[in-house]
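Written out below as structure tokens is the structure these notes cover.
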Amino acid sequence: MKISEIAELIKAEICTKNYDDSIDIFSACSADLMSDVMAFSKSNALLLTGLVNPQVIRTAEMMDIKAVVFVRGKKPLDNMIEMAEEKGIVLLATDYPMFVASGKLYKSGIHGRGD
Amino acid sequence: MNNVVVRDYIIPANDFTIAGEASSNVRKILSQIGVAPDIVKRTSIAMYEAEINAMIHGKGGQAHVEIDENKIVIRISDQGPGIEDLDLAMQEGYSTAPDSIREMGFGAGMGLSNIKKHSDILEINTAVNEGTTVLITVFFKQE
């Protein structure tokens, strides 16, 4: 699924500019705890989180995560947007809670890895 | 040994904005020299966890990295409180991180076991009130 399709599906605003819409995202994980993303996540291209701090972008970088969705109406900070753009990571923000955003994506074909 | 890349980094204490900078830099170097993506990822995860640990528990510290054609050796050391019971600290879920760190999304007690999982050789030297040194080796060619 393309970033633009994900954005439409979960009514998300794309916060970073110049993103590559040819990236095909097929798996995702949802977590507020970056420790768990680091320890349990397989190769997922998308992270859904309610945590807002620069370490979310760092964790995404280390885990090869291409895009991060901030849920529950949370918005990434300016320094996070800057860091993400530098690393080529796309940031999105949706008002949906984590469960609903995850469910909508899962229903449309994005699955978790290792399930 | 030819073509050895050596880098040194300072890991500041309790600075969540800068933490991970060293790991990010090493990740770039490994990608540039053509190390396989899965090895780059393993190395990044191991180093980032150790860097976060030094920031959270060790009052900051230093990272010394040596890369040759076969492997990367990362030494992360701090002069923090040390680890009282290393076996206990290695257990998944055991953490002494304060709530303020958990609120930042870390401190789940997965760090050390995750470093072990992603490194080929892990050596931890620690002494109470003196500090901790974590030595991570990852080989580029996996058997």
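Values below: every heavy atom of this structure, side chains too, minus hydrogens, waters and symmetry copies. Each chain gets a letter, A, B and so on, in the order its sequence line appears, and its residues count up from 1.
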Hydrophobic clusters here meaning ILVMFWY residues chained together by side-chain heavy-atom distances under 4.5 Å, can you tell me if [X] and [Y] are in one?
| X | Y | answer |
| --- | --- | --- |
| Ile14(A) | Ile10(A) | yes |
| Val5(B) | Val73(B) | no |
| Met63(A) | Met47(B) | yes |
| Met98(A) | Phe70(A) | no |
| Tyr96(A) | Val52(A) | no |

Distance-only, no hydrogens or angles: does the [X] side chain make a donor-acceptor pair with backbone N or O of [Y] under 3.5 Å?
| X | Y | answer |
| --- | --- | --- |
| Gln55(A) | Met104(B) | no |
| Ser35(A) | Met110(B) | no |
| Lys87(A) | Ser24(B) | no |

Practice problem: Against chain B, label Thr49(A) side chain, backbone, both or neither, depending on which of its atoms sit under 4.5 Å from a heavy atom there. | Solution: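 Contact with chain B: none, neither part.
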Quiz item: Which bit of Met83(A) comes within less than 4.5 Å of chain B, counting heavy atoms only: side chain, backbone, both or neither?
Solution: side chain
Exercise. Name the region of Glu103(B), side chain, backbone, both or neither, that has any atom closer than 4.5 Å to a heavy atom of chain A.
Key: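 Looking at Glu103(B), just its backbone touches chain A.
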Quiz item: Of the backbone (N, CA, C, O) and the side chain (C-beta and beyond), which part of Ile18(B) lies under 4.5 Å from a heavy atom of chain A, both, or neither?
Solution: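 The answer is the backbone of Ile18(B).
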Self-check item: Whether over 12 other heavy atoms sit under 6.0 Å from Asp8(B) CG
Solution: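 Result for CG/Asp8(B): enclosed.
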Practice problem: Give a yes or no on this: more than 12 heavy atoms of other residues, nucleotides or ligands lie within 6.0 Å of atom NZ of Lys11(A). | Solution: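 No.
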Quiz item: Say you draw a straight line from OG1 of Thr17(B) to CG of Leu77(A); how long is it, rounded to the nearest 0.5 Å?
Solution: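 Taking OG1 in Thr17(B) and CG in Leu77(A), the distance rounds to 9.5 Å.
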Practice problem: State, yes or no, whether a side-chain contact exists between Lys41(B) and Met62(A) at a heavy-atom distance under 4.5 Å. | Solution: no
Quiz item: Heavy-atom distance under 4.5 Å between the side chains of Leu51(A) and Phe106(B), does that happen here?
Solution: no
Exercise. Would you mind checking if Asp32(A) and Arg102(B) are paired as a salt bridge, meaning a charged N to carboxylate O distance below 4.0 Å?
Key: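 Salt bridge flag = no for Asp32(A) with Arg102(B).
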Quiz item: Which atom names give the shortest non-hydrogen contact between Met38(A) and His118(B), and what distance separates them?
Solution: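 Met38(A) and His118(B) have their closest heavy atoms at O-CE1, 4.5 Å.
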Quiz item: How close do Asp36(A) and Ala108(B) get, heavy atom to heavy atom, and via which atoms?
Solution: OD1-CB, 4.1 Å
